[in-house]
Amino acid sequence: MTSTATSAVASEEGGLRGWSAARRGRLARLRLTSLRLRLVVVFGAVALTAAVSASGIAYWLNREAVLSRTQGAVLRDFEQEMQNRAGALPEHPSQDELQHTAGQMANSSQRFSVLLVGADAGGTTVYGNSGGLSGFSLEDVPESLRAAVTKQQDLTSGNKSPYHLYWQRVVDHGTPYLVAGTKVIGGGPTGYMRKSLEPEADDLNSLAWSLGIATGLALIGAALLAQAAATTVLKPVHRLGVAARRLGEGRLDTRLRVSGTDELADLSRTFNRTAEALEKRVDDMAARDNASRRFVADMSHELRTPLTAITAVTEVLEEELDAESGSIDPMIEPAVRLVVSETRRLNDLVENLMEVTRFDAGTARLVLDDVDVVDQITHCIDARAWLDAVDLDAERGIHALLDPRRLDVILANLIGNALKHGGSPVRVSVSKADDGAVVIAVRDHGPGIPEEVLPHVFDRFYKASASRPRSEGSGLGLSIALENAHIHGGEITAANSPDGGAVFTLRLPQDIADLTDPDDEVGGGGADGGQDEKAVQDKGEA
């Protein structure tokens, strides 16, 4: 008689799970920048995880079921054969008896190999093998299993047998085997059995391939589903992005077509409400801005008529002041000079405001002429009696197609600003850039412009000192100079020189004919032509 107690010594391969973990690790390291790609990857990862988990569980359950069923049947048959046949052998059997019994035991329904080990009457160890000399041998049995089979156990209340049945799964030259052994209780041979598990391994491999194919199909299906879902979700998002870009480009009438009641539909409705409110706000601001411009223009024109009369009176008063007869009472002479000075200042302010309104309304036009830039600068300096305070560093012969009157306005503002705030000598240099542009630099020798003021020097009505809001200037000169440079297609920049003082750099293209409409040009050019054009515009606006 033998009693059975099962124990296993086995190691399992986790290849499929290891592959899936590595795959997930690689996916986690991808740099995903596209929302569509992220959706596909997330769907794919979820599907892959679910498929691999289901396949792993199914494989493990089927593997255990197949191996347990085969193993249980083989061990029961082997145990039965040991009880019926090996247990019938004498205590000291001969080799022939062992060989014959091993052959009979191998012919059981499970068809396993048998090895019987015993001792004959002389104490010599004898073997009986079901397969002859080339069959199952003792070397094919693991050492640990042999030690466990031949070890006699202590008898206790929980252990009624000194020997038990032990088994182990091994792999020999790539083929899996089930090896088991036990010893006949009460004296007799020790029996070992080996059963090939290759058919079961083939079945499990086929199952693994089937599960792998199913996992791949599930992954492909998830990718297709993710693509369809991404298209459904991202199409409204794409339309929203296009609408936002159109709104940013200034097309405030952009609206989205809304359908459905989901979150994307709510987002589209919110966008439409926002665009509508923004359009209304911009329209209101544009209306207020137009009203403000119209008010400034109307106010400037309305002031011109009384200002013309006042200017005529102040000119008479100024002549009286300069006359030798002394007809002006010395007590009121300071007041008269103040009136003359403030009238000139008011006249300049009105002219500047009218110029600003022309720029804002887009009615400013160029009267182009081919002029010598150095001659224009010399004329500007001479007309304002700045010859002693300005150094001109330029060679004659630099010609450009531009509006002489507007160039005079730019130069007068830049040089006058340098003389007023920087101090003489003011240096004006003229050069040509590599691209043919005319570059005029105006540098003073004053303290320079504070860094916090530099970004605002061209702002309208900007004063560097808040404590001195009233000065001889209107705060519009530099902004008008910049507008005149822009209408020429040029630019003015302000900076501080490393050697001290401020530097204003005017850059004008040499030929700006392509910036103007030929129908808008007035022939003749020159200062007089500019004044005529200005007068026509002023009269038209009035």
Would the number of heavy atoms belonging to other residues, nucleotides or ligands and lying under 6.0 Å from CD of Glu263 be above 12? no

Asp444 vs Leu419, side chain to side chain contact (heavy atoms under 4.5 Å, CB included): CA-CA, chis, key distance, verdict: CA-CA 7 Å; Asp444 60 48; Leu419 290 171; over 6 Å; no

Any side-chain heavy-atom pair from Asp499 and Arg443 closer than 4.5 angstrom? yes

Using the side-chain contact (heavy atoms from CB on, under 4.5 Å) definition, which of the options Val442, Leu407, Val438 pairs with Leu506? Leu407

Closest heavy-atom pair, Pro509 versus His488, reported as atoms and distance to 0.1 Å, is CG-O, 3.3 Å

From CG (Leu411) to CD1 (Ile377), nearest 0.5 Å: 5.5 Å

Counting heavy atoms not belonging to Arg427, are there more than 12 under 6.0 Å from its CZ? no

With salt bridge (charged side-chain N to carboxylate O under 4.0 Å, His left out) as the test, would you mind laying out the steps for Asp266 and Arg269 before giving the verdict? CA-CA 5 Å; Asp266 291 339; Arg269 294 188 184 93; 3.1 Å; yes

If you compare all heavy atoms of Tyr59 against all heavy atoms of Leu204, which two are closest, and at what distance to 0.1 Å? CE1-O, 3.5 Å

Keeping Asn417 on the side-chain end and Asn413 on the backbone end, is there a donor-acceptor pair under 3.5 Å? no

Test item: Ser55 side-chain N/O and Val52 main-chain N/O as donor-acceptor pair under 3.5 Å: no

Can you confirm whether Asn496 sits close enough to Leu454 that some side-chain heavy atom of one is under 4.5 Å from a side-chain heavy atom of the other? yes

In Å, rounded to the nearest 0.5 Å, how long is the span from CG of Leu338 to OG1 of Thr343? 8.5 Å

Find out whether Asn484 and Ile480 are in side-chain contact, i.e. whether some heavy atom of one side chain is under 4.5 Å from a heavy atom of the other. yes

Just one of Thr493, Ile449, Val428, Ile440 clears the side-chain contact (heavy atoms from CB on, under 4.5 Å) bar with Phe504, so which one? Ile449

Given 3.5 Å as the limit, does a donor-acceptor pair link the side chain of Arg255 with the main chain of Leu252, or not? yes

Heavy-atom pair of closest approach, residues Leu478 and Phe458: O-CD2, 3.5 Å

Donor-acceptor contact below 3.5 Å, side chain Asp435 vs main chain Ala437: yes

For Ala481 and Ile492, which heavy atoms make the closest approach, and how far apart are they? O-CD1, 3.5 Å

OG1 (Thr378) and CG (Leu392) are apart, to the nearest 0.5 Å, by 5.0 Å

Which heavy-atom pair separates Ile410 from Ala485 by the least distance, and what is that distance? CD1-N, 3.7 Å

Between atom CD of Glu279 and atom CG of Asp284, what is the distance when rounded to the nearest 0.5 Å? 10.5 Å

Work out which heavy atom in Val503 is nearest to a heavy atom in Ser497; give both atom names and the distance. CG2-CB, 3.6 Å

Check ion pair Asp283-Lys280 (N to O, under 4.0 angstrom): no

Quick check against the 3.5 Å criterion: does Asp408 have a side-chain atom that pairs as donor or acceptor with the backbone of Pro404? no

Please lay out, stage by stage, how Trp386 and Val426 fare under the test side chain to side chain contact (heavy atoms under 4.5 Å, CB included). CA-CA 10 Å; Trp386 289 340; Val426 172; over 6 Å; no

For Leu256, does its backbone N or O pair with a side-chain atom of Asn272 as donor and acceptor, under 3.5 Å? yes

Under 3.5 Å donor-acceptor, Asp403 side chain and Val367 backbone: yes

